[in-house]
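Notes follow the structure.
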Number of protein chains: 2
Amino acid sequence: MQFSSRLPIATHILLVIQLYGKDFKVTSDFLASSVGVNPVIIRKTLGQLKRANLVEVNQGIGGTTLKKSLDQISLLDIFHAVEEDEDLFHFHENPNPNCAVGKNIHAVLGGKIRDVKSKFEKDLDSIKLDSLIEKFKES
Amino acid sequence: MQFSSRLPIATHILLVIQLYGKDFKVTSDFLASSVGVNPVIIRKTLGQLKRANLVEVNQGIGGTTLKKSLDQISLLDIFHAVEEDEDLFHFHENPNPNCAVGKNIHAVLGGKIRDVKSKFEKDLDSIKLDSLIEKFKES
DNA sequence: TATACTTGTAGTTTTGAATGTTACAAGTTA
DNA sequence: TAACTTGTAACATTCAAAACTACAAGTATA
């Protein structure tokens, strides 16, 4: 069980725009070729990043640019852009309300899980994209 | 996108054994009725908890007991018992090896993601089941 | 204006994991 | 032997992710 590849793909997209945006028009086909997925997936993801105010997309003419510098974009920003805001774990939906455990499991365990999610989000927020980019320039 | 209900279900199971084990024989049917899922799901989960040395199952006669006290069982123990050990995020599988980003995205971002996973696991480990049980006794 | 290229998005298909269900062999007790 | 339970195989169902096709609409430029 793991999270979808949307955050990795979105991160990939942003890094490509940063590294290649100066020399190329970064279209959905260009990105699809680097990421290795269908251009429509790229366009949908770009739509999510646009709504989160992370990128600007030039409709018609084509091409994409970043709206923030890399040190202002965290993995949490990307996570929120491409994933639903929901509990970290899916809860079984029919616990027995006549059982002390069944009646309260969602509230009690759910509270703890939400605490864990808060910390998880803080950890994601502490990682900015500029901490990744150096490794790509070297290669 | 969220984790499966296996950790919530396994936690539910352990709490029921603790609370009802003295007065009832806690069979897979008994547990299925409290959790609200099929008894076979319960048996599979009990198998995972048994392999993790968290419970003992009496084959033939039926019934289950805890092998540790609640203050010795953390959400991380349960998480490891019921979930695969893998990256937190699924990575796109065909990044372009001729692209600086595509060639290194898995290694670079993967490293950061593993750091986040380590912290996530520490947070889960800090939550022991005895911190949950009081709320159920009250109700 | 016509052409070429691009984005946005609807609609459909494919794939894979989670979950549900049936069935039955094997263990245990009385 | 009868009654009950666990362990597990096999198959069905459900649901979300991802792939793909198609096309309307935006934009630049010849």
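Letters go in sequence order (proteins before strands), and every chain restarts at 1. Note that the structure is predicted; figures quoted are calculated from it, not measured.
Screening B:L109, B:V108, B:I105 for a side chain to side chain contact (heavy atoms under 4.5 Å, CB included) involving A:L15 leaves a single residue, B:I105.
Nucleotide D:dG7 holds its C1' atom 15 Å from the CG atom of B:L49, rounded to whole Å. Atom NZ in B:K50 sits about 16 Å away from atom P in D:dT5, given to the nearest Å.
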Show every donor-acceptor pair shorter than 3.5 Å between a side-chain atom in residues 73-83 of chain B and any protein atom, with sequence neighbours excluded, or say none if there are none.
unit_1: B:S74; atom_1: OG; unit_2: B:L76; atom_2: N; d: 3.2
unit_1: B:S74; atom_1: OG; unit_2: B:D77; atom_2: N; d: 3.2
unit_1: B:S74; atom_1: OG; unit_2: B:D77; atom_2: OD2; d: 3.3
unit_1: B:S74; atom_1: OG; unit_2: B:D125; atom_2: OD1; d: 2.7
unit_1: B:D77; atom_1: OD2; unit_2: B:S74; atom_2: N; d: 2.9
unit_1: B:H80; atom_1: NE2; unit_2: B:E121; atom_2: OE2; d: 3.1
unit_1: B:E83; atom_1: OE2; unit_2: B:S4; atom_2: OG; d: 2.9

Distance-only check: which donor-acceptor pairs under 3.5 Å involve side-chain atoms of residues 39-53 of chain B, not counting sequence neighbours?
unit_1: B:R43; atom_1: NE; unit_2: B:S28; atom_2: OG; d: 3.2
unit_1: B:T45; atom_1: OG1; unit_2: B:I41; atom_2: O; d: 2.8
unit_1: B:N53; atom_1: OD1; unit_2: B:K67; atom_2: NZ; d: 3.2

Using a 3.5 Å cut-off and no angle test, enumerate the donor-acceptor pairs between side-chain atoms of residues 54-65 of chain B and protein atoms at least two apart in sequence or in another chain.
unit_1: B:N58; atom_1: ND2; unit_2: B:G63; atom_2: O; d: 3.3
unit_1: B:T64; atom_1: OG1; unit_2: B:V26; atom_2: O; d: 3.3

Within the sub-3.5 Å range, which N or O atoms of nucleotides 26-29 of chain D have a protein N or O partner, and how far apart are they?
unit_1: D:dG26; atom_1: N2; unit_2: A:G60; atom_2: O; d: 2.7

All N/O contacts under 3.5 Å from nucleotides 17-21 of chain D to the protein, with atom names and distances to one decimal?
unit_1: D:dA17; atom_1: OP1; unit_2: A:R6; atom_2: NH2; d: 3.3
unit_1: D:dA18; atom_1: OP1; unit_2: A:S5; atom_2: N; d: 3.2
unit_1: D:dA18; atom_1: OP1; unit_2: A:S5; atom_2: OG; d: 2.6

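The residues B:D87 and B:R114 are annotated as salt-bridged, a charged nitrogen and a carboxylate oxygen being separated by less than 4.0 angstrom.
For B:D130, the salt bridge (Lys or Arg N to Asp or Glu O under 4.0 Å) test picks out no residue, with sequence neighbours left out. Residues that satisfy the side chain to side chain contact (heavy atoms under 4.5 Å, CB included) test with A:S126, not counting sequence neighbours, are absent from this structure. Qualifying salt bridge (Lys or Arg N to Asp or Glu O under 4.0 Å) partners for A:D23, counting only residues two or more places apart in sequence or in other chains: none. Evaluation of the salt bridge (Lys or Arg N to Asp or Glu O under 4.0 Å) rule for B:D71 yields no partner, not counting sequence neighbours.
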Between A:K112 and B:S131, is the side chain to side chain contact (heavy atoms under 4.5 Å, CB included) condition met? List the steps. CA-CA 10 Å; A:K112 297 286 185 180; B:S131 74; 3.6 Å; yes

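Across all their heavy atoms, A:D123 and B:K119 have their closest contact at OD2-CB, 3.2 Å.
For the segment residues 11-27 of chain B, residues with any heavy atom less than 4.0 angstrom from an atom of DNA chain D are, sorted by number, B:K25, B:T27.
Relative orientation of the B:F3 and A:F3 rings is perpendicular, given thresholds of 30° and 60° on the angle between their planes.
Applying the side-chain hydrogen bond (donor to acceptor under 3.5 Å, both in side chains) definition to pairs two or more places apart or across chains, those involving residues 31-40 of chain A are A:H12-A:S34.
For DNA chain C, the outermost nucleotides in 5' to 3' order that have an atom under 4.0 Å from a heavy atom of chain B are C:dA18 to C:dT28.
In this structure, A:G63 reaches the sugar-phosphate backbone alone: every heavy-atom distance under 4.0 Å involves primed, P, OP1 or OP2 atoms, never a base.
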